[in-house]
Amino acid sequence: MEFDTIAAISTPMGEGAIAIVRLSGDEAIEIANRVFKGKNLKEVDSHTIHYGHIVDPDTNQVVEEVMLTLMRGPKTFTREDVIEINCHGGLVSVNRVLQLVLTNGASLAEPGEFTKRAFLNGRIDLSQAEAVMDLIRAKTDRAMSVAIGQMEGRLSTLINQLRQELLETLAHIEVNIDYPEYDDVEEMTHHVLLEKAKHVRDEIIKLLETSNQGKILREGLSTVIIGRPNVGKSSLLNSLVHENKAIVTDIPGTTRDVIEEYVNVRGVPLRLVDTAGIRETEDIVERIGVERSREVLKKADLILLVLNYGDELTEEDERLFEAISGMETIVIINKTDLAQKINMEKVKELAKDSPVVTTSLLEEKGVDALEKAISSLFFTGTVEANDLTYVSNSRHIALLTQAKKSIEDAISGTESDLPIDMVQIDLTRTWELLGEIIGDAVHESLINQLFSQFCLGK
């Protein structure tokens, strides 16, 4: 495919040691050569780095002192000629270099356009391209491992194997239909077709079984801390974050708004939300905070319900248990440094099957047990990212769910002795849906939408 030459700043905006301006396209070397003074870039070897200066060709004014990396296609990220200009990391200097490159023939890259070209030029498939953004956004080592596995093509390899198996089955069916008189071609019986379809279905189910954990690793677990005022919700947030993010006082109702923070709990990324204490109040500001708390509660993946060890259970506590009925919950009995007044038997009765953890956040006790409970609730047993091909992307999960239904329709039709050419329709649909995951059959508007979510310069 033919594209114009694009350029963008590939490092975050702000002051730093180094900033990088990246060019990609057939004219990348020619454009860089117009503004670079050091060596003739047309004559240097690929994948080499060179010291020199960026000079405005119109005025001969030195703009920046740089190290320039030259990489000739196709052995580059985009499979095009790529230039990376390493500048000093100031806002003014890197922008001046970019403007000079643009005025000398390059076009400003759109968000994600470098990765989009890698996909369109066949270097990576769509699932690998999406994994690039997952890697950038990874909040934990485990999430990063999942993204790297997908970037390396672990999911793509499995999807391609399933599609190849379906394609061979479809081809076999076509031969049987078009050339029934050929004796040397094995007949595609309902028994053989059923065996192959069930194998594909089982592999799709295995992938979907990892989707809950994979999505958590990719997007984070929306975790809401709730409880009556002054039971230690903000202290819990600070303990998990290991930083004083929330104000902690003995005065009930200190937290009047929703406080949100990302935290890594044993490889599980939590999008941790500390809420205003849910209670009836005449304070207008606190009442707004309570309403916001109720809103975030509806969207939570996990509830951390905090109770006070030194208080008896109240009607408000029991109403909170009712409000979170049926949701994934961990009950935390805080302030065990105080004399016990809470009825633990009643707490366990209200908690039902939810884990109950005791803590004294003042004495920093019980946080390890809480972290273990969070991890085991969503990652039962020892689940390592390296052991599995995770599905973490919502688009992939939706397509696999549709593919599972199509292959199950094919199995149902085969078991009902429908003509094989009718079952072929569902097999073909399954093949197409799996192809959409890796971008083999996907609409241009979807490609544009996906890559527009990338950061500029990636």
Side-chain angles (χ1 to χ4, degrees), residues 1-124 128-129 131-133 135-136 148 151-152 451 454-458:
M1 301 182 74
E2 290 186 8
F3 301 107
D4 57 351
T5 297
I6 54 172
I9 299 169
S10 289
T11 42
M13 297 303 289
E15 293 184 1
I18 296 170
I20 298 174
V21 175
R22 177 186 287 170
L23 294 87
S24 179
D26 292 341
E27 296 183 20
I29 296 172
E30 175 68 34
I31 291 169
N33 212 33
R34 292 174 198 159
V35 299
F36 179 73
K37 293 296 179 276
K39 288 186 178 178
N40 184 348
L41 299 178
K42 295 177 182 178
E43 298 174 356
V44 301
D45 294 333
S46 180
H47 293 74
T48 54
I49 189 165
H50 307 278
Y51 168 78
H53 293 85
I54 298 296
V55 177
D56 188 335
D58 294 331
T59 63
N60 277 332
Q61 180 187 2
V62 174
V63 172
E64 177 62 297
E65 183 182 32
V66 301
M67 297 293 289
L68 183 146
T69 305
L70 181 147
M71 296 168 279
R72 300 183 193 276
K75 293 184 178 181
T76 65
F77 179 63
T78 59
R79 282 197 169 166
E80 302 172 336
D81 291 344
V82 171
I83 294 285
E84 290 189 350
I85 304 171
N86 292 256
C87 319
H88 294 96
L91 284 169
V92 175
S93 59
V94 70
N95 272 295
R96 285 185 69 188
V97 173
L98 175 63
Q99 289 301 323
L100 202 55
V101 165
L102 295 176
T103 55
N104 278 273
S107 302
L108 184 64
E110 297 175 358
E113 191 169 358
F114 292 96
T115 309
K116 182 179 178 181
R117 290 198 177 186
F119 163 66
L120 293 174
N121 288 329
R123 184 187 175 277
I124 55 176
Q128 289 173 292
V132 173
M133 184 51 67
L135 181 62
I136 292 168
I148 288 173
M151 272 178 61
E152 290 174 347
F451 286 104
F454 280 54
C455 46
L456 193 64
K458 188 59 189 171

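Using a 4.5 Å cut-off on side-chain heavy atoms (C-beta onward), F36 and V66 make contact. Considering only heavy atoms from C-beta on, K42 comes within 4.5 Å of E30 through its side chain. Counting heavy atoms from C-beta on, the side chains of D26 and F3 never come closer than 4.5 Å. Using a 4.5 Å cut-off on side-chain heavy atoms (C-beta onward), V97 and V35 make no contact. When side chains are defined from C-beta on, V44 counts as touching H50, because their heavy atoms get closer than 4.5 Å. Counting only heavy atoms from C-beta outward, the side chains of Y51 and E65 approach each other to under 4.5 Å. Residues L100 and D56 meet the side-chain proximity criterion, which asks for heavy atoms closer than 4.5 Å.
Judged by the 6.0 Å distance and 45° axis criteria, R123 is not positioned over the aromatic ring of F77.
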- I49 vs L68, side chain to side chain contact (heavy atoms under 4.5 Å, CB included): CA-CA, chis, key distance, verdict: CA-CA 5 Å; I49 189 165; L68 183 146; over 6 Å; no
- Message: Between V21 and T11, is the side chain to side chain contact (heavy atoms under 4.5 Å, CB included) condition met? List the steps.
- Response: CA-CA 8 Å; V21 175; T11 42; over 6 Å; no
- Before giving the answer on side chain to side chain contact (heavy atoms under 4.5 Å, CB included), spell out for I18 and N86 the whole-Å C-alpha distance, their side-chain angles and the decisive distance to 0.1 Å. CA-CA 6 Å; I18 296 170; N86 292 256; 3.8 Å; yes
- Item | Pair N95-I9, side chain to side chain contact (heavy atoms under 4.5 Å, CB included): steps then yes or no | CA-CA 8 Å; N95 272 295; I9 299 169; 3.8 Å; yes
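Listed by chain and number, the residues in a side-chain hydrogen bond (donor to acceptor under 3.5 Å, both in side chains) with N40 are N33, E43 (sequence neighbours excluded).
Of the possible donor and acceptor atoms, one in the side chain of T5 sits under 3.5 Å from a partner among the backbone N and O of E27. Side-chain atoms of T76 never come within 3.5 Å of backbone atoms of G73 as a donor-acceptor pair (strictly under, hydrogens ignored). In this structure a side-chain-to-backbone donor-acceptor pair under 3.5 Å is missing from E84 to I20. For R96 (side chain) and V63 (main-chain N/O), no donor-acceptor pair under 3.5 Å exists by modelled atom type.
Remark: S107 OG to L23 CG distance equals 10.5 Å, nearest 0.5 Å. Summarising the geometry, atom OG belonging to S93 is positioned 7.5 Å from atom NE2 belonging to H88; distances are rounded to the nearest 0.5 Å. Annotation: the span from T48 atom OG1 to L70 atom CG amounts to 5.5 Å, rounded to 0.5 Å. To the nearest 0.5 angstrom, I124 atom CD1 is 6.0 Å from T115 atom OG1. Residue R22 holds its CZ atom at 8.5 Å from OG1 of T78, rounded to the nearest 0.5 Å. Remark: I85 CD1 to M67 CE distance equals 13.0 Å, nearest 0.5 Å.
The side-chain hydrogen bond (donor to acceptor under 3.5 Å, both in side chains) test with S24 is passed by exactly one of R117, E113, E80: E80.
No more than 12 heavy atoms of other residues, nucleotides or ligands lie within 6.0 Å of NZ in K75, so this atom counts as exposed by the packing criterion.
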